[in-house]
Amino acid sequence: MARNIFDYVFFTEIMQGLGVTLKHMFKKPVTYKYPFEATPIFERFRGVHYMKTDEQGKPKCVGCYLCERVCPSECIHIETDAGPNGERLIRKYEIELDRCIYCGFCEEACPVDAIHMGRSYDVVRPTRDGYRVNIKFLVKKYKEYIEEGKGE
């Protein structure tokens, strides 16, 4: 691409670059000091899961395995047993947060509106075992959301 003599003499590209720099120099910075300053969370953000409970404080999950089946990363593991009255008892409900892609399919598939995607994102753990959360953790997260007024 041929340049004309005007560009060589007046350094027009350099001047354009300096113009962009000057334009951004007087704008308010958008950097957050993360651990000390809260970052804004967008409305449709999907964070760490939580599980709703009924009036007695029991998890609403009925152990239908739908969330486990629709999960594309296969990070949800459920085991159930038969109760004395023929109902399903949840023996194990685990989510591997390090494998989860936070797609929200589990939330959409749940027929009893038990599992939800929360809004917390700071889940850094020192070991990989810390990323495997069980139903007690999910219920505790729900209680935190209720106390903070963020839950439904």
Side-chain angles (χ1 to χ4, degrees), residues 13-152:
E13 291 173 350
I14 293 175
M15 292 301 155
Q16 287 175 346
L18 283 173
V20 170
T21 302
L22 285 173
K23 189 173 87 180
H24 287 280
M25 205 167 164
F26 298 107
K27 284 185 175 180
K28 185 179 176 185
V30 293
T31 305
Y32 295 95
K33 297 173 185 170
Y34 163 60
F36 308 109
E37 189 176 327
T39 57
I41 299 173
F42 294 103
E43 190 67 31
R44 298 178 65 189
F45 175 78
R46 290 185 287 237
V48 176
H49 313 68
Y50 64 87
M51 183 169 291
K52 284 184 166 182
T53 58
D54 58 6
E55 294 82 28
Q56 288 93 27
K58 293 180 181 177
K60 280 181 141 183
C61 180
V62 293
C64 65
Y65 293 91
L66 279 177
C67 55
E68 185 182 75
R69 288 189 184 131
V70 300
C71 182
S73 61
E74 299 177 355
C75 67
I76 299 175
H77 308 286
I78 303 172
E79 289 178 13
T80 58
D81 267 339
N85 299 327
E87 74 274 8
R88 257 188 220 158
L89 299 175
I90 300 168
R91 193 163 38 130
K92 176 181 148 187
Y93 189 101
E94 286 184 348
I95 299 177
E96 296 177 50
L97 295 178
D98 56 342
R99 290 183 62 187
C100 182
I101 59 172
Y102 301 94
C103 62
F105 286 170
C106 55
E107 183 179 19
E108 291 178 16
C110 185
V112 291
D113 198 31
I115 189 81
H116 282 268
M117 306 298 286
R119 300 183 62 80
S120 77
Y121 55 88
D122 48 351
V123 290
V124 177
R125 307 272 197 263
T127 62
R128 290 193 74 165
D129 293 337
Y131 290 105
R132 186 176 286 248
V133 296
N134 59 12
I135 199 163
K136 289 179 183 175
F137 175 87
L138 298 171
V139 169
K140 189 177 106 187
K141 276 285 187 196
Y142 177 61
K143 290 177 182 172
E144 289 174 8
Y145 284 116
I146 292 297
E147 290 171 3
E148 295 172 5
K150 295 178 182 174
E152 296 173 26

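It should be emphasised that the depicted structure is a prediction, and the values quoted were computed from it without experimental measurement.
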Y50 and Y145 aromatic ring geometry - parallel, tilted or perpendicular at 30°/60° bounds: tilted

I78 CD1 to C61 SG distance, which is reported to the nearest 0.5 Å: 5.5 Å

K52 side, atom NZ; K60 side, atom NZ - distance, nearest 0.5 Å: 5.0 Å

Residues which pass ring pair (Phe, Tyr, Trp, His ring centres under 6.0 Å) with Y102, listed by chain and number, not counting sequence neighbours: H49

CZ on R99 to SG on C71, rounded to 0.5 Å: 8.0 Å

Flag side-chain contact, heavy atom, 4.5 Å: P59 against I90: no

Check: I115 and I95 side chains under 4.5 Å, non-hydrogen atoms: yes

Flag side-chain contact, heavy atom, 4.5 Å: Y32 against P40: yes

Reported NZ-to-CE distance for the pair K136 and M51, which is rounded to 0.5 angstrom: 14.0 Å

Pairwise ring-ring contact (aromatic ring centres under 6.0 Å, His included) hits with a residue in residues 51-96, at least two apart: none

Nearest-0.5 Å distance that lies between atom CE in M117 and atom CZ in R44: 13.0 Å

Y121 and F45 aromatic ring geometry - parallel, tilted or perpendicular at 30°/60° bounds: perpendicular

Interatomic spacing from CD in Q16 to OG1 in T21 - rounded to 0.5 Å: 12.0 Å

Min side-chain heavy-atom separation C106-I76 under 4.5 Å: yes

